Amino acid sequence: EKGGYDYFMLKEIAEQPKAVADTLLGRIDASGSLTLDEVRISASALREVDKVVIVACGTAFHAGLIAKYAIEHWTRIPCEVELASEFRYRDPILDQQTLVIAISQSGETMDTLMALRHAREQGARVLAICNTNGSTIPRESDAVLYTHAGPEVAVASTKAFLTQLVACYLVALYLGQVRGTKWGDEIGAVIRELSRISCEVERVLETMEPVRELARSLASKNTVLFLGRHVGYPVALEGALKLKELAYMHAEGFAAGELKHGPIALIEDDLPVVVVVPSPRGRSVLHDKIVSNMQEIRARGARTIVIAEEGDEAVVPYADHLIRIPATPTLLQPLVATVPLQVFACELATARGNEVDQPRNLAKSVTVE
Ligand code: F6R
């Protein structure tokens, strides 16, 4: 049932192009606009939404952090993202105009379920983004957009994460479409890019051998840091989470702009630092700032592992290891940038003799608070 792979995780990483394509299937019509009939919240109710609040845990929370950039950019609706376990204990401000999005692969995560119950009690509308048909979270929500990743068996989430991102982009674009926004042209272009993205994920998967080799060479390290900016920041957090879970290594993700506010003190000789570089074509200011961050940490001895778009030559002088990803619109970059980090963590776990599909102390679905 592992389809020839040693681990479910490897199989699930490889299934990502299909999972992404399946999640888009039937949701973009011939004219290139979105049809999300399953979102049973009326267009007029969606036009009244004045705040979006995303609640989730772990990897699903990282998908939510990325969704915030897309939702706020395309819809201009303020969006908060909160760990489900923190949400209801701070007495959040919610009403009928609040759209709460609960993201969960299993649909059974107790913290997320309690957060959405709390939101509904306050009168908010809840949209679930979920991978498991008929599970508790979608059953208790006003509407659901299913991700079509298929069953995810490995404890560490991979294909569910990519499909959560796709679903979040669809919701953001749909909200933009329903409400009308000045980004109409951009939204059309992004929808076209999304329909191609599964091929780009496939291309990334074909170039992963050097990443595996690199991972094996780092098996005796204790710490790996991850840096990113904009949507690359949650990607850095996700890369670090995967490494903790699978390789049991100390791994931390930082917003690159925060380096000089503390984390740069951690840099020492030969410390591996993974840097997720924004596209030089999109937010070029951010690109240039991260290039100077790379310069700064390298001057202090860091060994840089750089994930950068094809054709981005400015990073070359500061990259000890260079992992290329296809060029995408800025907001979609996490769909390709996360894949090498999954492969990296999986290979490090294997090299360290860890159980890949069943990391110690973890369960696939966390049904207690
Ligand atoms: C990480 C991981 C966990 C889950 C989290 C939420 O690889 O698998 O962090 O993402 O427990 O689970 P769901 O999405 O089922 O609510």
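Every number for a ligand or one of its atoms is a count from 1 in the order of the listing. Computed from a predicted structure; not experimentally measured.
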Exercise: do E238 and T59 side chains pair donor with acceptor under 3.5 Å:
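Yes - a donor-acceptor pair under 3.5 Å links their side chains.
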
Candidate pair K18 and E15, rule salt bridge (Lys or Arg N to Asp or Glu O under 4.0 Å), full reasoning:
CA-CA 6 Å; K18 181 173 187 315; E15 283 170 348; over 6 Å; no

Is it true that F161 and H62 have ring centroids separated by less than 6.0 Å?
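Centroid distance F161-H62: not below 6.0 Å, so no.
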
Would you check ligand 1 and list the protein residues that come within less than 4.0 Å of it by any heavy atom, ordered by chain and number?
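Residues near ligand 1: C57, G58, T59, A60, S104, Q105, S106, T109, V155, A156, S157, K242, E245.
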
What's in the same ILVMFWY side-chain cluster as Y248, cut-off under 4.5 Å, chained through other members?
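None; Y248 is a cluster of one.
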
Linking directly or through intermediates, with side-chain heavy atoms under 4.5 Å: list the remaining ILVMFWY members grouped with F8, chain and number order.
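Traced through the cluster, F8 reaches V153.
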
Using the side chain to side chain donor-acceptor pair (under 3.5 Å) rule, collect all pairs that involve residues 308-318, keeping only residues at least two apart or in two chains.
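Listed by first then second residue: R203-E310, S279-E309, R281-E309, H287-D312.
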
